[in-house]
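Below is one structure; the comments refer to it alone.
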Amino acid sequence: MRFAIFSLLIAQTLLASCAFDDFGGDLEEVTSFVSKVDPKNDSGWPCHCYNSTESFSQTVVECRCYGKEFKEVPIDLHENLHKITITHSEMKVIECDSFQPYRYTLHDVILENMPSLRVIEAGTFRDMPNLRTIYISHSPQIKFLHGLFDGVTAKKFLSLRIVRTSLIEIPDLSNIHSDNIMHMVDLDGNKIERIRRNAIKIKAGQVTLNYNQINFVEDLAFNGSQIGKLSLRGNRELTELDKNAFKGLNDINELDLSETSIKELPLVGLTKIEVLKIDNTPSMKVIPSVYDFSYLKEAHLTHPFHCCAFKYPEQHDPKRHAEYEEILRRNCQKLMLNNGTNQGITVRKRRSNSYEDYDDEESWGAYNNMAYESSPSAPSHWDQLDMNGSNLPALRGQTIEWHDAKPIQQQAVLGTFHDSSAELTQIMAFCGNLTIKTLNVICYPEPNALNPCEDIMGSYYLRISVWFVVVLSVLGNLAVIIVVLFSGAEVTVPRFLMCNLAFADLCMGLYLLLIASMDLHSVGTYFNFAFDWQYGFGCQVAGFLTVFASQLSIFTLTIVTVERWFAIAYAIYLTRRIRLGLAAKVMIGGWIYSFLMASLPLFGVSNYSSTSICLPMEVKAIGDKAYLISMIAVNGLAFVLIVFCYAQIYFSLAYETRHTVTLGEMTIAKKMALLVFTDFVCWAPIAFFALTALAGYPLIGVTRSKILLVFFYPLNSCANPYLYAITTAQYRKDFFVLLSRMGLLRTKHELKPIQNHQTANKI
C-alpha cells in the first residue's frame with residue numbers, strides 16, 4: 001500500500017515537471033553525460049549535449065549551443081535530439097532545413113539572446129510530428145515571422161513564446177492542426193501594433209499579447225478561436241476595440257484589458273466570461289451592466305464606483321433592468337398558465353458549447369430560453385432582489401456594505417474552457433411578486449471609506465443644509481465686495497483686507513455651489529456620473545477653488561489680526577501702523593502661496609479626483625503626505641499667530657493703553673476675538689481628523705466627513721462677512737453711500753447718514 005502511494009506521488013511530481021517544461025524551462029534531473037560535439041567550423045565553441053529525464057522516466061537528449069561566432073545550426077549533434085537551445089549567437093538567418101536532421105525526434109526549440117537574428121525562413125519547422133515548444137526571446141532584429149508554421153504537422157504542439165523582439169505582426173497560426181489544443185501563446189513585450197481580422201484562430205488555454213504597442217483590434221480578430229484566458233495588458237496605446245473585435249471567440253473564461261486606454265468594452269462575444277480585469281485603466285468611464293454578463297464571477301476594475309454598478313444594477317442601467325424584469329414576468333406568466341399554480345420554481349439553464357455567431361439573445365443568456373420544473377422554496381439565506389426594488393438598500397445617504405479586500409489566490413497560469421455541465425439558478429415566483437437571486441460578482445476595488453456607493457451629499461438633510469450655507473456665503477460675501485468696491489469711500493488697510501477676505505470666502509461659497517449642483521444633478525445615480533465628474537473639469541475647478549479659498553482666507557485673517565494688533569496696541573504711535581503699500585505686498589505673497597498650494601494637485605501632488613467632494617485626500621506617495629502635512633502645519637502656525645496677537649491686544653488694553661483706547665476699538669477687538677473662535681471651530685476638527693488619517697488611523701470616512709464639509713469647513717466663509725462687515729456701522733454707512741450714488745436715496749432723513757459719513761471722513 002505504501003509503495004502504491006509513493007509511486008502515485010512520484011508520478012504527480014513528474015507530471016508537474018513536464019507541465020513547467022512547456023514554458024521553456026530547463027529539463028530537470030540530469031542523470032548522465034552523453035556526448036560533446038564540436039561545431040563544424042571548429043571555432044572552439046562546442047555544443048554541450050546532455051541526457052535528462054522527463055516524466056515517467058522518459059530519457060531525452062538536450063543540446064545547448066552558444067557563442068557569438070556560432071553562425072549555423074549543426075547537423076550532427078545527436079540522432080535522437082529532443083531539445084535544442086541556441087543562445088548568444090550572431091546567427092542572422094535560420095534556414096528552412098536547419099532542423100531537418102532532427103525532425104522526427106525534436107520536441108523543443110529555444111532561441112535566446114540572438115541580437116543579429118533577422119529571419120527564420122518559412123517551413124523551418126515543417127514535418128516535425130513531435131514538435132511541442134517554440135521559444136524565441138530577446139531577438140531585437142526580428143520584425144516578421146512569415147510562414148513560421150508552414151508545413152507544421154504536429155498535433156500536440158503546446159507552447160509558442162515569442163517575447164521581447166521587434167515583432168510587429170502576429171505570425172500566421174492557421175496552419176496549426178485544428179485538433180491541436182495549445183497550452184500557451186505568449187507574444188509579450190514585442191512591437192505588435194494592430195490585431196487584424198482573423199489574425200488568431202487557435203485553440204489555446206492562454207493567449208497573451210501584453211506590453212506591445214497595440215492601438216486597435218479589428219473586427220473578428222479572434223474569429224473561430226477557443227481561448228480560455230486572453231490578456232492584452234499593458235498596451236497603453238490601445239484606445240479602441242472594434243464592436244465586433246471578440247465576435248466568434250468561443251469559450252473565453254478570462255479577459256484582461258488592464259493598463260490600456262480603452263474607453264468602453266464591446267460586449268459581442270464576451271457575455272460568457274467569468275473573470276474580467278480592467279484595472280489601472282483610468283480612461284474607462286462606464287462599465288457595462290451586470291445584465292450584459294451571464295456568468296461573471298469576478299471583476300478587477302479601476303475605480304470603486306465601477307463596482308457600485310454591479311451592486312445597484314437598477315440605478316446603473318434602468319432600461320436593461322426594466323427589460324430584465326419584463327422577460328421574467330413573461331416567463332412567470334407562461335409558467336402559471338402551464339402549471340396553474342403559484343408554487344416556487346427552479347430554473348435550469350445549460351451553457352452551450354456550440355460556437356455560433358453572436359446575436360441579440362446571447363446577452364440575455366442568464367434568463368432567456370429557460371426550462372422550468374417544480375421545486376421547493378429557496379433557502380432563506382439567499383441574497384434576493386425584489387422586482388419592485390423594495391429590498392434594495394436606499395442609495396441616498398447610505399453606503400453599501402464593504403470589508404477589507406482579501407488576498408486573491410493565484411490562479412493557474414493556463415486558462416480553462418467553459419464546461420458543458422448544467423448550472424442551476426433558483427427563482428421564486430409568486431403572482432405579482434417575483435424575486436430573483438442576482439449575480440454575486442466579487443468586485444475590486446471595493447467601495448471604501450473614501451469612495452462609498454452614495455450620492456455626493458449622502459443624505460437629504462445634508463443636501464438641504466448645504467444650499468442654506470451656499471446662499472449665506474455667496475450673498476454675504478458678494479454684498480461686502482460690492483459695497484467696498486463701489487461705495488466711493490477711501491481705500492484703507494482694513495477695507496483692502498476686508499475685500500480680500502470676502503473674495504476668498506466667496507470662492508469657498510462657489511466651491512459648495514458646484515458640489516451642491518452636481519449632487520442635485522446626479523441624485524440617486526451618482527456612480528453613473530462619477531467618472532465625468534471626478535476626472536473632469538468640474539471637480540478640478542471645485543478642488544482648486546476650495547484649497548485656494550481656504551489658504552487665502554486663513555492668510556488674510558492672520559494679516560487682519562496683525563493689523564488690528566498694531567492699531568490697538570500701538571495706538572499712540574502713528575508710525576507703527578501697517579501702510580496700504582505694505583499690506584498690498586504682503587497680500588500678493590498670500591495670493592501666490594494660495595495659488596501654488598491649489599495648483600499642486602493639478603500636477604500630480606495628491607489629486608482632486610480621489611473623492612466625490614474633490615478634496616485632496618490621496619496619500620499614496622510621500623509627496624502627497626508632505627503636501628497635506630505642510631498645509632496643515634502652515635494653517636496651524638497661522639492660528640497660533642492669531643491667538644498670540646489677540647493675547648497681546650488683551651494685555652496691552654488691560655495695563656498700558658487702556659486710557660487711549662476708544663470704545664470703537666474695543667468693539668472691534670471683541671469682534672475680532674469672535675472671528676478667532678469661529679476660525680478655531682472651523683479648522684480644529686478638520687485638522688484633527690486629517691492628522692489621524694495621515695498617521696494611518698482614520699477615524700472617519702468620507703460619509704461622515706461630509707458633515708464637517710457642510711457645517712464646519714465653510715463656517716468662516718459664512719461668518720466673516722456678517723461678523724465684522726455687514727453688521728458694523730461703517731458698513732451701513734458705506735452701503736447708504738452706495739445707494740446714494742445709485743440715486744436710490746431722496747429724502748433728507750435718508751441723506752443724514754451720508755452727511756455724517758462725509759463729515760467723519762473730512763475730520
Side-chain angles (χ1 to χ4, degrees), residues 20 22-25 110-113 133-140 142-145 148 158-173 182-196 199-218 221-222 225-242 245-246 249 251-266 269-270 273-284 298-302 408 410-416 444:
F20 277 103
D22 295 334
F23 299 94
I110 300 173
L111 307 173
E112 292 183 298
N113 296 295
T133 302
I134 298 175
Y135 179 46
I136 305 171
S137 72
H138 296 84
S139 300
I142 294 179
K143 295 184 177 181
F144 300 95
L145 289 172
L148 183 67
L158 299 180
S159 177
L160 172 65
R161 301 189 69 192
I162 305 173
V163 298
R164 298 192 178 184
T165 71
S166 296
L167 190 70
I168 62 176
E169 186 177 280
I170 298 175
D172 184 5
L173 306 176
M182 300 177 62
H183 287 180
M184 169 183 284
V185 175
D186 182 355
L187 301 176
D188 293 353
N190 299 299
K191 296 182 179 180
I192 299 172
E193 299 177 352
R194 199 177 186 93
I195 303 181
R196 302 188 182 278
I200 298 178
K201 187 177 181 180
I202 55 171
K203 297 178 181 178
Q206 175 174 307
V207 175
T208 65
L209 295 104
N210 300 330
Y211 300 101
N212 280 273
Q213 299 175 6
I214 300 171
N215 54 57
F216 185 69
V217 180
E218 296 183 3
F222 305 93
S225 294
Q226 292 178 249
I227 300 174
K229 176 181 178 181
L230 176 62
S231 179
L232 298 172
R233 174 183 287 267
N235 290 280
R236 285 297 185 185
E237 298 178 16
L238 180 58
T239 58
E240 185 178 0
L241 300 166
D242 187 275
F246 301 107
L249 175 58
D251 286 328
I252 183 168
N253 175 274
E254 179 177 331
L255 176 64
D256 191 345
L257 291 168
S258 304
E259 299 179 41
T260 63
S261 299
I262 62 172
K263 297 179 180 178
E264 58 182 346
L265 179 68
L270 299 180
I273 62 173
E274 296 182 3
V275 180
L276 176 63
K277 297 182 178 180
I278 318 180
D279 59 85
N280 197 15
T281 307
S283 58
M284 189 74 178
E298 189 174 308
H300 299 257
L301 307 176
T302 302
I408 303 173
Q410 292 292 333
Q411 299 178 349
V413 176
L414 302 179
T416 57
Y444 302 92

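Position 1 is the first residue of the sequence; numbering continues from there.
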Would you find a donor on one side and an acceptor on the other, under 3.5 Å apart, between the side chain of S225 and the backbone of K203? no
What pairs with F216 under ring pair (Phe, Tyr, Trp, His ring centres under 6.0 Å), at least two apart in sequence or on another chain? none
Taking N210 for its side chain and D188 for its backbone only, find out whether a donor-acceptor pair lies under 3.5 Å. no
To the nearest 0.5 angstrom, please state how far the CD1 atom of I273 sits from the CG atom of L249. 10.0 Å
Working for side-chain contact (heavy atoms from CB on, under 4.5 Å), residues N215 and E193: CA-CA 6 Å; N215 54 57; E193 299 177 352; 4.1 Å; yes
CD of E264: more than 12 outside heavy atoms within 6.0 angstrom? no
If every non-hydrogen atom of H300 is compared with every non-hydrogen atom of E298, which pair is closest and at what distance? NE2-OE2, 2.5 Å
V185/I200 under side-chain contact (heavy atoms from CB on, under 4.5 Å): CA gap, chis, key distance, verdict: CA-CA 10 Å; V185 175; I200 298 178; over 6 Å; no
If you measure from CD1 on I214 to OG1 on T260, what distance do you get to the nearest 0.5 Å? 10.5 Å
Is any side-chain heavy atom of L257 closer than 4.5 Å to one of L241? yes
Contacts of type side chain to side chain donor-acceptor pair (under 3.5 Å), residue D256, not counting sequence neighbours: R233, S258
Give a yes or no on this: more than 12 heavy atoms of other residues, nucleotides or ligands lie within 6.0 Å of atom CZ of R194. yes
Find the distance between CD1 (I170) and CD1 (I192) and round it off to the nearest 0.5 Å. 5.0 Å
Run through L145, D186, L111 and flag the one making a side chain to side chain contact (heavy atoms under 4.5 Å, CB included) with I162. L145
Once rounded to the nearest 0.5 Å, what's the spacing between atom CD of E254 and atom CG of L276? 9.5 Å
Can you list the residues that meet the side chain to side chain donor-acceptor pair (under 3.5 Å) rule with N190, with sequence neighbours excluded? T165
If you compare all heavy atoms of Y211 against all heavy atoms of N235, which two are closest, and at what distance to 0.1 Å? N-ND2, 3.9 Å
Could you go through the side-chain contact (heavy atoms from CB on, under 4.5 Å) check for E274 and N253 one step at a time? CA-CA 5 Å; E274 296 182 3; N253 175 274; 3.1 Å; yes
First locate atom CZ of R161, then atom CD1 of I134, and finally report the distance between them rounded to the nearest 0.5 Å. 13.5 Å
Which atom of P140 lies closest to which atom of S166, heavy atoms considered: O-OG, 2.5 Å
I'd like to check E218 versus D242 (side-chain heavy atoms, cut-off strictly below 4.5 Å). Are they in contact? no
Taking all non-hydrogen atoms of both residues into account, name the closest pair between T281 and I262 and its distance. CG2-O, 4.0 Å
Rounded to the nearest 0.5 Å, the CG atom of L265 sits from the CD1 atom of I278 at a distance of 5.0 Å
R236 and S261: which non-hydrogen atoms are nearest, and at how many Å? O-OG, 2.6 Å
Where is the tightest heavy-atom contact between F222 and A245, given as atom of each residue plus distance? CD1-O, 3.7 Å
